[in-house]
S.K.: 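Take this structure, written in structure tokens, and hold onto it; I'll ask about it next.
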Amino acid sequence: MKLFTLFVLIILILIVITYCYVKKKYSFFETHGVPYLKPQFPFGSLQKVGSSIHMFEFLITSYNQFKRVGKIAGFYNVFEPIYLITDIEVMKAITVKDFNKFVNRGIFVNEENEPLTGHLFAIEGDRWKFIRKRLRPAFTSQRLISMYSKISRLGCKLVESIEKSTKSEKVSIDIKNVATRFTIDIISSVAFGMDSETLNDKNEELLDMFKEVIGANRPNVVKFLILSAFPNLAKILKIRLFSDKLSDFFAKEVGGNIKVRERISENPNDFLSFLIKLKNTASSSRKTRKLTLDECLAQAFLFFFAGSDTSSTTISFALTELAFNQDVQDKVRFEILEKTKGTKGEISYEALHEMTYLSQVVNETLRKYPPGFSILRTANEDYKVPDSKIIIKKGSQVVIPTIGFHYDEKYWKNPMKFDPERFTVEETAKRQPQCYFPFGEGPRNCALERDLALLMSNTELQNSSKILKLHQMQI
Ligand code: HEM
């Protein structure tokens, strides 16, 4: 009986401690005078995210709810208070003017236990500055020009693959699947000199790894919430972001490739060779050290997954919109045919540059469906929000909902409509430029030059749209 009483007492004490802890946590925004979304135990403001709604919808709804109230609002990720920015000037201040106070994203990194998490997107402070600087030469337009012929050749394979599957009259295509395979093949080829051939249904293992990273294989929402809300606890408990299978696969495939290249001194002009150079050279004049093998693997990992998913998402949405908007599709096709007259359909790098309407289509796709639909930053120190009484507390995370700005009627007439005409030179000049930022903003924006990423999507999209008679297909 005594034991039972003790047990009940312990449970009661635990309940009271949890209650006090949660109550204190959930009073953060109230105490600091920030308008906020009411939290509910245990997931805070994200109860429905991942079950009945997507984060995308959550951010648009919250942005719309709070933009009239002020420049900044709050919500709770489990117990952690997160600031939500609803004003363009504050967005600019955080990402550009006061960037030094918001260098980090504050996402999960645990290099000790999981070296692959030490990639450019996640690492912090001086280490981020150092690696970003060292990687910069890998992301220039000169590099794309040298990759162009490989991308173009893979475009022809895409054409063949779609032609094969569209032989019957009424065919249904899982376009995200096709686009994913296509972009995996491109990144494998231009970055790692590998023929992955996922488009030809080979290398399903690679595709599986890719799906794990982007969360397409039964995403574990609870694990994700723990990692993002309690990173320190996750480190102590040695919770890993990725499976051992994925880490082993990457170390074996890419690590193995690095070893082979080092042994035979092979030096093709791709991202992997560039990384090998960083691994083996330091410059005392520029005070740079060599990169470790783990650092190289983590950057290769990011390059692979960040590059493939963003581009394939863009292609899929662009093609879906083209299928639903026959007039836009006709105009794109006309432009491609016009610019390739006399080249038997061959599209040169220069001709691609001249396809301005195609660029408008990609820009509008990235407005309506930005693959990176929010920007994350964490405050290094207490930060007073310009023209407001609110202080963002040191160590707190800030979310800038790109998607909210991209659908705001203040900047975009009829934002639900897919309308590439918004991106003519004249229309663009009429708008506040900062309301569109699919590649992020400030020194921590997408590492790939903006034009380069756009061009990559264009190259891929142009190859896809060339042959697709989208109105005949059910996408
Ligand atoms: C349609 C294509 C793409 C889009 C829309 C896109 C978008 C973004 C966004 C929104 C961010 C976060 C920026 C911020 O926080 O301000 C980002 C970061 C990044 N992106 Fe991209 N991206 C694309 C393609 C690529 C490709 C092809 C690569 C490389 C192969 C790449 C590499 C990176 C890297 C390394 C970062 C982290 C930068 C850092 O923290 O310093 N992206 N991207």
Side-chain angles (χ1 to χ4, degrees), residues 140-167 171 173 175 178-179 181-183 185-187 189-190 195 199-200 307 310-366 418-428 448-473 475:
T140 60
S141 345
Q142 270 70 26
R143 289 235 157 218
L144 183 76
I145 297 172
S146 67
M147 298 168 189
Y148 186 78
S149 61
K150 279 187 182 174
I151 299 180
S152 201
R153 223 172 303 131
L154 283 163
C156 297
K157 287 198 175 172
L158 174 72
V159 172
E160 279 166 27
S161 153
I162 292 180
E163 269 175 350
K164 227 195 283 168
S165 47
T166 49
K167 283 238 163 75
V171 65
I173 288 188
I175 202 66
V178 176
R181 289 169 186 268
F182 180 47
T183 52
D185 285 356
I186 288 187
I187 301 275
S189 163
V190 300
D195 280 333
L199 204 51
N200 290 336
T310 46
S311 309
S312 65
T313 304
T314 309
I315 293 171
S316 319
F317 279 118
L319 291 178
T320 306
E321 286 288 0
L322 289 180
F324 284 112
N325 295 281
Q326 189 63 52
D327 53 332
V328 178
Q329 192 192 135
D330 290 343
K331 210 167 158 182
V332 175
R333 184 173 289 109
F334 179 76
E335 179 177 74
I336 293 170
L337 293 174
E338 268 298 293
K339 302 287 179 198
T340 54
K341 257 186 196 160
T343 60
K344 293 187 189 144
E346 187 97 357
I347 298 155
S348 66
Y349 186 77
E350 292 69 31
L352 185 67
H353 261 291
E354 288 170 16
M355 295 179 190
T356 49
Y357 189 68
L358 180 63
S359 281
Q360 288 172 226
V361 169
V362 176
N363 279 328
E364 175 65 345
T365 307
L366 288 170
F418 184 80
D419 181 10
E421 298 303 326
R422 300 178 203 276
F423 287 93
T424 59
V425 176
E426 299 74 35
E427 286 303 310
T428 305
L448 207 65
E449 284 177 10
R450 189 181 176 279
D451 288 347
L452 186 58
L454 267 180
L455 203 61
M456 226 166 127
S457 296
N458 270 356
T459 316
E460 296 164 5
L461 181 60
Q462 156 270 120
N463 275 313
S464 341
S465 62
K466 196 165 56 157
I467 53 113
L468 290 180
K469 295 199 175 78
L470 290 162
H471 54 288
Q472 292 177 354
M473 299 181 353
I475 292 187

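Given the structure is predicted, the values throughout are model-derived calculations rather than measurements.
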S.K.: Provide the closest heavy-atom pair for Tyr148 versus Ile347 in the form atom of the first, atom of the second, distance.
M.R.: OH-O, 2.7 Å
S.K.: Write down the atom of Ser348, the atom of Ala351, and the distance for their closest heavy-atom approach.
M.R.: OG-N, 3.0 Å
S.K.: Is the backbone N or O of Leu199 less than 3.5 Å from a side-chain atom of Asp185, with the two atoms forming a donor-acceptor pair by type?
M.R.: yes
S.K.: Rounded to the nearest 0.5 Å, how far apart are CZ of Arg181 and OG of Ser312?
M.R.: 12.0 Å
S.K.: Working to the nearest 0.5 angstrom, can you tell me the gap between Glu421 CD and Glu426 CD?
M.R.: 9.5 Å
S.K.: Backbone N or O of Lys157 within a donor-acceptor pair of the Ser161 side chain at under 3.5 Å?
M.R.: no
S.K.: Could you go through the side-chain contact (heavy atoms from CB on, under 4.5 Å) check for Lys339 and Leu358 one step at a time?
M.R.: CA-CA 11 Å; Lys339 302 287 179 198; Leu358 180 63; over 6 Å; no
S.K.: Do Val361 and Met355 pass the side-chain contact (heavy atoms from CB on, under 4.5 Å) test, and can you show the C-alpha distance, the side-chain angles, and the key distance before you say yes or no?
M.R.: CA-CA 10 Å; Val361 169; Met355 295 179 190; over 6 Å; no
S.K.: Show the nearest heavy-atom pair for residues Ser311 and Thr183, with the distance to one decimal.
M.R.: CB-CG2, 3.7 Å
S.K.: Using atom types as modelled and distance alone, determine if a side-chain donor or acceptor of Thr340 lies under 3.5 Å from a backbone N or O of Thr343.
M.R.: no
S.K.: Measure the spacing between CD of Glu354 and CD1 of Ile336 and express it to the nearest 0.5 Å.
M.R.: 13.5 Å
S.K.: Looking at every non-hydrogen atom in both residues, tell me the closest pair between Phe182 and Leu154 and how far apart they are.
M.R.: CE1-O, 3.5 Å
S.K.: Taking the side chain as every heavy atom from C-beta outward, state whether Tyr357 and Pro420 have any pair of such atoms under 4.5 Å apart.
M.R.: yes
S.K.: Using the side-chain contact (heavy atoms from CB on, under 4.5 Å) rule, take Glu364 and Arg422 through it: C-alpha gap first, then chi angles, then the decisive distance, then the call.
M.R.: CA-CA 7 Å; Glu364 175 65 345; Arg422 300 178 203 276; 3.0 Å; yes
S.K.: Before giving the answer on side-chain contact (heavy atoms from CB on, under 4.5 Å), spell out for Glu335 and Gln360 the whole-Å C-alpha distance, their side-chain angles and the decisive distance to 0.1 Å.
M.R.: CA-CA 12 Å; Glu335 179 177 74; Gln360 288 172 226; over 6 Å; no
S.K.: When you compare the side chain of Val328 with that of Asp419, does any pair of heavy atoms fall below 4.5 Å?
M.R.: no
S.K.: Between atom CD1 of Ile175 and atom CG of Leu322, what is the distance when rounded to the nearest 0.5 Å?
M.R.: 10.5 Å
S.K.: For a quick test of reading the model, state the closest non-hydrogen atom pair linking Ile186 to Ile151 and the distance between them.
M.R.: CD1-CG2, 3.8 Å
S.K.: Are side-chain N/O atoms of Gln326 and Asp330 paired as donor and acceptor at under 3.5 Å?
M.R.: yes
